[in-house]
Amino acid sequence: IPHHNDRDRLVRVVQTIPDREDLEIIVVDDCSDDPVQSAFLMAFHSRITSLQTKSNKGAGAARNLGLSHAAGDWIVFGPQRCITAEINGA
C-alpha cells in the first residue's frame, strides 16, 4: 500500500484487511512529513511491514519497493485511497 501524508486513511484501509496468517501487508511510506512506523501499524494488523522511500518518488515507485520485499505467491496492490465508502460516494 503506497502511503504519503494521510495516516488516518491508511489506518482505515489497513483495518479493512482480514488479519490472517496467510496474508502479508506491506506499507510503503513515500517520504511523508511524519513517516508511519511498523510498530504503530501493528496495533491494527499483526502481519504488516512498513518500508520508507528515501525521497518522494510517487505511488508507482512505492509499489515497486513493496513488491521487491513481498514474500507471497500472490500479489494484490491496494491503493491507499481505495476505501469502499469513498468509492461509493458515502
Side-chain angles (χ1 to χ4, degrees):
I1 302 172
H3 163 71
H4 182 75
N5 285 339
D6 197 343
R7 185 179 295 231
D8 293 338
R9 186 172 290 172
L10 175 63
V11 168
R12 291 195 325 251
V13 169
V14 168
Q15 288 176 324
T16 67
I17 301 169
D19 196 357
R20 300 177 5 187
E21 288 295 316
D22 61 341
L23 293 179
E24 168 189 34
I25 300 173
I26 301 173
V27 173
V28 181
D29 189 299
D30 191 25
C31 205
S32 291
D33 297 333
D34 181 19
V36 174
Q37 303 296 324
S38 290
F40 169 77
L41 293 171
M42 291 292 284
F44 305 100
H45 203 287
S46 64
R47 299 189 41 88
I48 195 160
T49 301
S50 179
L51 306 171
Q52 295 180 330
T53 60
K54 294 180 181 183
S55 61
N56 186 287
K57 296 183 179 183
R63 278 190 292 271
N64 288 340
L65 177 61
L67 181 59
S68 72
H69 285 81
D73 293 328
W74 297 88
I75 305 292
V76 175
F77 292 105
Q80 177 190 344
R81 298 191 184 276
C82 182
I83 298 176
T84 306
E86 290 180 6
I87 291 172
N88 293 329

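Every value quoted in this text rests on a predicted model; they were computed, and no experiment measured them.
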Show the nearest heavy-atom pair for residues [X] and [Y], with the distance to one decimal.
| X | Y | answer |
| --- | --- | --- |
| R63 | P2 | NH1-CG, 3.7 Å |
| S46 | D19 | OG-OD1, 2.6 Å |
| D30 | G58 | OD2-N, 2.7 Å |

Partner set under side-chain hydrogen bond (donor to acceptor under 3.5 Å, both in side chains) for [X], not counting sequence neighbours:
| X | result |
| --- | --- |
| D73 | none |
| T49 | none |
| S50 | none |
| D22 | R20 |

Task: Nearest-0.5 Å distance, CG of residue D6 to CZ of residue R12 - done: 7.5 Å
Task: Nearest-0.5 Å distance, SG of residue C31 to NZ of residue K54 - done: 11.5 Å
[X]: partners by side-chain contact (heavy atoms from CB on, under 4.5 Å), with sequence neighbours left out:
| X | value |
| --- | --- |
| Q15 | V11, F44 |
| N64 | none |
| S32 | H3, H4, N5, D29 |
| L67 | I75, F77 |

Task: Fellow cluster residues of L51, listed by chain then number, with links counted only when side-chain atoms sit under 4.5 Å apart - done: I26, V28, L65
Heavy atoms, side chains only, cut-off 4.5 Å: are [X] and [Y] in contact?
| X | Y | result |
| --- | --- | --- |
| I17 | I1 | yes |
| R7 | V36 | yes |
| R47 | I25 | no |

Task: Heavy-atom donor-acceptor pair, Q52 side chain to P35 backbone, under 3.5 Å - done: no
